[in-house]
2 protein chains.
Amino acid sequence: MFRATITDIARELGLSASTVSRALHDHPDISEATKTKVKEIAARLDYFPDSIAQGFKKQRTSTIGIIVPEIQHHFFSSAISGIEDLAYNAGFTIMVCQSNEDYEREKLNLRAMVSNRVAGLLVSLSQSTMDVSHFDILKKRKIPVVFFDRTHEDLTGSQVKVDDHNGAYQLVSHLIDRGYKHIAHIAGPSNILIGRERECGYRDALIDRGLTIDESLIVRGGYRNSDGTHGAEKLLALPKRPDAIFCVNDPVALGAYLVIKQQGLRIPNDIALAGFSNNPISALIEPPLTTVDQMSYDIGKSAAALLLEQIEKGVDNVSPVILVKKTKLIIRKST
Amino acid sequence: MFRATITDIARELGLSASTVSRALHDHPDISEATKTKVKEIAARLDYFPDSIAQGFKKQRTSTIGIIVPEIQHHFFSSAISGIEDLAYNAGFTIMVCQSNEDYEREKLNLRAMVSNRVAGLLVSLSQSTMDVSHFDILKKRKIPVVFFDRTHEDLTGSQVKVDDHNGAYQLVSHLIDRGYKHIAHIAGPSNILIGRERECGYRDALIDRGLTIDESLIVRGGYRNSDGTHGAEKLLALPKRPDAIFCVNDPVALGAYLVIKQQGLRIPNDIALAGFSNNPISALIEPPLTTVDQMSYDIGKSAAALLLEQIEKGVDNVSPVILVKKTKLIIRKST
DNA sequence: ATGAAAGCGCTAACAG
DNA sequence: CTGTTAGCGCTTTCAT
């Protein structure tokens, strides 16, 4: 039940705590001789720094906070994995909260993060977040933040996302090329940019190819499985059934997939289906799903890299950027 | 750039910091009048406690540490989600590290957790962890810990897992009932208990039903997708091909699934396939996979509940338990 | 019912 | 090259 502190090492060697601290940090002022001695004793006593004490003193920890809607959503768990890998290599640990798509919980998560003096924050918004002013506190406290994937137009910090508009545009163009004429869209909520941009890509593709937009073919929901189920049920009940459905993301597409199968319809013969995100599961269903690769792991890594830069250089010395990654259309048998 | 502290509130009211601290914590000594005043000012100044300072003072934070092999594995991300939900309700936040199945990284993760003075730790071992003595530090520091899913026989703390032996036994019995005679097993590494117990369940089921065990039908690997691929390749190249394969978990089964499909074999007609964990993906492939439900989210919640109890009552006042959850056999078309 | 004071472990002026 | 000192925000014992 003994925990070695810097003072223990100092006492052992008849040095001061500050010298030991400096030696441990390879401060140039300290002689090689003492550095060696200090490190020797440190190793012998199995000393390792108390991150909490350091964080307290320095007013900032080596922890990166992450707020996502749902941890178990593949896109996010994969992004978190990318963040963790990068953070680990930079000597940071991650603290994760999930908003469960709930605005109030997102606000509390944010407080917890600030309260824990995270060095920086990585955020993907909940689908129910309309107002983003709670993030103002970060600017006030000079806490670096990078938003990824689920962003909002009123946000001022850096952002990392894929080119949602273009990804959707390409996908819908592909559907048109295949000869589909009545292409429906199960859209996301309009407060979150990715939802709006994917819908916009969908609309623009139709318009550019001379097709008319039928508003009854656009149903709006959230980003979850169940939203796909409900959306598909509505669409399939339409008097003139669509011949293709483009879903705002893969979880929604999978929800739709189940409904289509249940109703005994064949994909793509009776109705084509496409998603967005390229979850691993989409390659394995039968038929495999056409989708847009969103490079979740890379998005996580890029967002973390941007954040680390801000942490290192100071939030005031880095101007916010919006990093837009290219998507890749993955054509499979569902279209 | 102003952050209200307890001292600010104290100054504002002409009180001492200690009184304010007590008022904020609803200490019985403090009069209702001052409590009200303090809370009023606290709200006005948008005060909220500095968790780091609290943790520093109290020698323990309100953070629960989690170490898992891979965050993006559905079983783990789902368990983490369960942990986070429970932790959130109890006023804790979670800190997550992934070992990437690497023993050395697991050791460093552990240090980071201790260094961050987590209130308690939830651990699932990496597949390369043979020796678990690095966890001794937790006992020395009296840090509560609960191991879940991937455990090891030398571990002393509490554990939460499913009845792996029975789950495998039931599954293999089902295969025998179906008439399969040459049932192969792609097994996990033997250092981790779940691997050994699932294998044991497999062996016992065969023996109890009077079938002989053919060691050449047992191939050993890890817990990842690629292990399933390699395992299946070996098994399918055998002179006498097995008529069924039971895989140590769903990711491995999916790796095997791809190989079987690639080789043009039909499931289950040419060869049956079964997994373990009931990843959502396993219900959606064609044919859907027979598997064993492992209730990942619940395992996470139960482990977290056990941990919180230890944190609350003190690690010395709770005797370690091993919680074994019942599994549920999910029979689908792949068998 | 409230205050004074000490201290958790570490770092960083400032001083020598 | 090394030591002294102060203090980060909070809790808690001991006074009053």
Side-chain angles (χ1 to χ4, degrees), chain A residues 1-39 41-42 45-63 91 111 114-119 141-142, chain B residues 1-39 41-42 45-63 91 111 114-119 141-142:
Chain A
M1 188 47 191
F2 167 74
R3 157 172 252 259
T5 70
I6 267 186
T7 324
D8 295 320
I9 303 176
R11 192 174 334 104
E12 190 101 357
L13 287 165
L15 288 171
S16 75
S18 35
T19 304
V20 173
S21 171
R22 283 184 279 237
L24 256 13
H25 287 85
D26 275 323
H27 189 107
D29 277 1
I30 305 296
S31 72
E32 280 308 318
T34 34
K35 275 185 195 169
T36 321
K37 273 191 297 184
V38 166
K39 286 175 185 172
I41 305 289
L45 298 182
D46 190 33
Y47 166 82
F48 53 105
D50 183 326
S51 302
I52 294 301
Q54 282 178 325
F56 179 49
K57 170 66 188 175
K58 302 217 287 217
Q59 304 275 55
R60 197 192 72 193
T61 62
S62 291
T63 300
R111 288 214 148 203
V114 175
S115 175
N116 275 287
R117 287 188 183 278
V118 292
R141 303 257 162 107
K142 296 198 183 298
Chain B
M1 187 48 190
F2 168 73
R3 157 172 253 260
T5 70
I6 268 188
T7 325
D8 295 321
I9 303 175
R11 192 172 336 105
E12 191 100 357
L13 287 165
L15 288 171
S16 74
S18 33
T19 305
V20 173
S21 171
R22 282 184 280 238
L24 256 13
H25 287 86
D26 274 322
H27 189 108
D29 276 0
I30 305 296
S31 72
E32 279 310 317
T34 36
K35 275 185 194 170
T36 321
K37 274 191 296 182
V38 166
K39 285 176 185 172
I41 304 289
L45 297 183
D46 191 32
Y47 166 84
F48 54 105
D50 183 326
S51 301
I52 293 300
Q54 281 178 324
F56 179 50
K57 172 66 188 174
K58 302 217 285 218
Q59 304 274 56
R60 197 191 73 193
T61 62
S62 292
T63 300
R111 288 214 148 204
V114 175
S115 175
N116 274 288
R117 289 187 181 279
V118 292
R141 304 258 162 105
K142 297 197 183 299

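Each chain gets a letter, A, B and so on, in the order the sequences are listed, and its residues count up from 1.
- The residue B/L15 sits close only to the backbone: its heavy atoms come under 4.0 Å of sugar-phosphate atoms, none of a base.
- With the nearest nucleotide of DNA chain D identified for both A/K35 and B/A4, A/K35 has the one nearer the 5' end.
- The phosphate of C/dG9 has OP1 or OP2 within less than 4.0 Å of a side-chain N or O from B/Q59.
- Between the CD1 atom of A/I9 and the C1' atom of C/dG9 there is a distance of 12 Å, given to the nearest Å.
- Phosphate proximity of C/dT11 to A/Q54: present, with a side-chain N or O under 4.0 Å from OP1 or OP2.
- Inter-residue side-chain proximity for A/I9 and A/Y47 is flagged as met; some heavy-atom pair is nearer than 4.5 Å.
- For the pair A/R3 CZ and C/dC8 C1', the interatomic distance rounds to 11 Å; values are reported in whole Å.
- Residue A/G55 is classed as having no contact, given no heavy-atom separation below 4.0 Å to the nucleic acid.
- We find that CG of A/D26 is positioned 13 Å from P of C/dT11, with the value rounded to whole Å.
- To the nearest 0.5 Å, the span separating OG1 on A/T63 from CG on A/N116 amounts to 7.5 Å.
- Spacing between atom CG of A/L24 and atom P of C/dC10 amounts to 9 Å, rounded to whole angstrom units.
- At a threshold of 4.5 Å between non-hydrogen side-chain atoms, the residues B/H25 and B/I30 do not count as touching.
- For C/dG3, the base has a donor-acceptor partner in the side chain of B/R22 [N/O atoms by modelled type, under 3.5 angstrom].
- Taking atom CD1 of B/I52 as the reference point, atom P of D/dT11 lies 13 Å away to the nearest angstrom.
- A donor-acceptor contact under 3.5 Å is formed by the side chain of A/S18 with the base of D/dT4.
- Taking atom CZ of B/R60 as the reference point, atom P of D/dC10 lies 18 Å away to the nearest angstrom.
- Comparing B/S31 and B/R117 by the nucleotide of DNA chain C that holds the closest heavy atom to each, the one mapping nearer the 5' end is B/S31.
- Each of B/V20 and B/K57 lies near DNA chain C, and the nucleotide nearest B/V20 is the one positioned closer to the 5' end.
- Rounded to a whole Å, the CZ atom of A/F48 is 15 Å from the C1' atom of C/dC10.
- Residue A/T19 places at least one side-chain N or O closer than 4.0 Å to OP1 or OP2 of D/dG3.
- Checking side-chain atoms of A/D50 against main-chain N and O of A/I52 turns up a donor-acceptor pair under 3.5 Å.
- Contact annotation for A/D50: backbone-only contact, meaning every heavy-atom pair under 4.0 Å involves sugar-phosphate atoms and none involves a base.
- One finds a side-chain N or O of A/S16 lying less than 4.0 angstrom from the OP1 or OP2 phosphate oxygen of D/dG3.
- At a threshold of 4.0 angstrom between heavy atoms, the contacts of B/S21 include nucleobase atoms, whether or not backbone atoms are also involved.
- The separation between A/H27 atom NE2 and D/dG3 atom C1' is 13 Å, rounded to whole Å.
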